[in-house]
Amino acid sequence: MPMIDIYATTGTFQNAHQLAMDAAAVVKRGEGVPDIALFRKNTAAFVHELPTGALSNLDGDTNYVRIHVTTNVGALAQREKQIAIVQQLTELAARAAGDPTLTDRTWVILTEAIAGGWGLKGHAHTNDELVGAARAEIAKLKG
């Protein structure tokens, strides 16, 4: 159940809401979790639009994007998943900005929350608890 934070200067993206939905879909698919409400409702992206001058490289350039993905431990442990998600999010940002050169200026950071450091519904969950909740939801769906 990843949280995705996307940072860019205001006006970079043509449709921030669509970008948020698409980024959430990329990461959910990349994790390979079941398509159940637990994951659909709790995988979210936040687009943070920064005012002009709020970001810069050493030369003063401001046309960068930073995407920070936080997942539970092990969700993206496989190298293939890491490579695919970074590539897909980078390409998504460039498409959303209408600027194919943005792929050269998009940073993607993958971070794992520690066990018990993943809060949902007021409870700090471990991976085992998240897996248990997913299995319980799947069992309910099967009736």
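Because only heavy atoms are used, hydrogens play no part in the values below, and waters and symmetry mates are left out as well, while side chains stay in. Since we're looking at a predicted model, the values are computed, not measured.
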Atom of [X], atom of [Y] and distance for their closest heavy-atom approach:
{"X": "Ala45", "Y": "Ala23", "value": "CB-CB, 4.1 Å"}
{"X": "Asn15", "Y": "Gln18", "value": "OD1-N, 3.0 Å"}
{"X": "Thr103", "Y": "Ala94", "value": "CG2-CB, 3.7 Å"}
{"X": "Ile138", "Y": "Pro34", "value": "CD1-CG, 3.8 Å"}
{"X": "Leu19", "Y": "Ala96", "value": "CD1-CB, 3.8 Å"}
{"X": "Ala8", "Y": "Phe13", "value": "CB-CE1, 3.6 Å"}

Hphob cluster co-occupancy, [X] + [Y], side-chain heavy atoms under 4.5 angstrom:
{"X": "Val33", "Y": "Val27", "answer": "no"}
{"X": "Phe39", "Y": "Leu141", "answer": "yes"}
{"X": "Val47", "Y": "Ile85", "answer": "yes"}
{"X": "Tyr7", "Y": "Leu89", "answer": "no"}

Between [X] and [Y] (side chain of the first, backbone of the second, donor and acceptor by atom type, cut-off under 3.5 Å), is there such a pair?
{"X": "Glu129", "Y": "Thr126", "answer": "yes"}
{"X": "Gln82", "Y": "Leu76", "answer": "yes"}
{"X": "Lys81", "Y": "Glu31", "answer": "yes"}
{"X": "Asp59", "Y": "Asp61", "answer": "no"}

Please assess Asp35 against Lys28 for the test side chain to side chain contact (heavy atoms under 4.5 Å, CB included), listing each intermediate value before the final yes or no.
-> CA-CA 9 Å; Asp35 190 26; Lys28 183 190 156 301; 3.5 Å; yes

Residue pair Ile109, Val69: steps toward the side chain to side chain contact (heavy atoms under 4.5 Å, CB included) verdict | CA-CA 6 Å; Ile109 303 158; Val69 178; over 6 Å; no

Side chains of [X] and [Y]: does their closest heavy-atom pair fall under 4.5 Å?
{"X": "Glu80", "Y": "Ile83", "result": "no"}
{"X": "Tyr64", "Y": "Leu55", "result": "yes"}
{"X": "Leu110", "Y": "Thr71", "result": "no"}
{"X": "Thr10", "Y": "Leu50", "result": "no"}

Going from [atom1] on [X] to [atom2] on [Y], what distance comes out if it is rounded to the nearest 0.5 angstrom?
{"X": "Thr90", "Y": "Arg95", "atom1": "OG1", "atom2": "CZ", "answer": "10.5 Å"}
{"X": "Glu112", "Y": "Thr70", "atom1": "CD", "atom2": "OG1", "answer": "10.5 Å"}
{"X": "Met3", "Y": "Thr111", "atom1": "CE", "atom2": "OG1", "answer": "13.5 Å"}
{"X": "Asn72", "Y": "Leu130", "atom1": "CG", "atom2": "CG", "answer": "5.5 Å"}

Side chain to side chain contact (heavy atoms under 4.5 Å, CB included) between Thr52 and Thr9, worked out | CA-CA 6 Å; Thr52 302; Thr9 302; 4.2 Å; yes

So, are Arg105 and Asp99 salt-bridged, with charged N and O less than 4.0 Å apart?
-> yes

Report the C-alpha distance between Ile67 and Thr106 in whole Å, list the side-chain angles of each, state the deciding distance to 0.1 Å, and finish with yes or no for side chain to side chain contact (heavy atoms under 4.5 Å, CB included).
-> CA-CA 7 Å; Ile67 303 173; Thr106 299; 3.9 Å; yes

